[in-house]
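Below is one structure; the comments refer to it alone.
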Amino acid sequence: MPEETVARATQSVIARVLVCYIGSILVVVTVLPWDSAGMAQPYVEALCSGLHIPAAAQIMNGVILTAVLSA
């Protein structure tokens, strides 16, 4: 029984990570043109220009810091 639970949890985590990763890439691809100068920092550019979030750089820094601290 624990083997099945661990296997199911592992598959669930992998699926969630893939959905979040692919979902974020789809948002960036739909918001930014490929020849944009902002492609050097696509997530910040998508948040700033595409979604009109003024503190995008700080938000991304917080996301990155949280990810590093959780590792």
Side-chain angles (χ1 to χ4, degrees):
M1 187 97 117
E3 297 86 12
E4 295 173 8
T5 305
V6 170
R8 193 173 27 221
T10 302
Q11 292 173 352
S12 173
V13 168
I14 291 171
R16 289 177 188 176
V17 167
L18 287 175
V19 166
C20 291
Y21 182 71
I22 300 297
S24 70
I25 290 174
L26 286 175
V27 168
V28 169
V29 167
T30 56
V31 171
L32 290 180
W34 286 105
D35 58 353
S36 171
M39 285 306 287
Q41 296 178 335
Y43 290 101
V44 173
E45 184 67 24
L47 290 173
C48 282
S49 67
L51 301 175
H52 305 293
I53 299 175
Q58 289 80 12
I59 292 170
M60 288 308 298
N61 285 334
V63 168
I64 292 168
L65 181 63
T66 303
V68 168
L69 290 175
S70 70

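In this chain, numbering begins with 1 at the start of the sequence shown. Just so it is clear, the model here is predicted, and its values are computed rather than measured.
Here the straight-line distance linking atom CD1 of Ile25 with atom OG1 of Thr30 works out to 12.0 Å at 0.5 Å rounding.
Both Ile53 and Leu26 are assigned to one and the same hydrophobic cluster, defined by single-linkage of ILVMFWY side chains at heavy-atom distances under 4.5 Å. Ile22 and Val29 fall within a single hydrophobic cluster, where Ile, Leu, Val, Met, Phe, Trp and Tyr side chains are chained together by heavy-atom contacts under 4.5 Å. Linking ILVMFWY residues whenever their side-chain heavy atoms come closer than 4.5 Å, directly or via other members, leaves Leu69 and Ile64 in distinct clusters. Linking Ile, Leu, Val, Met, Phe, Trp and Tyr whenever their side-chain heavy atoms come within less than 4.5 Å puts Val28 and Tyr21 in one cluster.
Side-chain contact between Arg8 and Thr5 is present, with at least one heavy-atom pair separated by less than 4.5 Å.
Between Thr66 and Gly62, the closest heavy-atom pair is OG1-O, 2.8 Å.
The side-chain hydrogen bond (donor to acceptor under 3.5 Å, both in side chains) search around Ser12 returns Arg16, not counting sequence neighbours.
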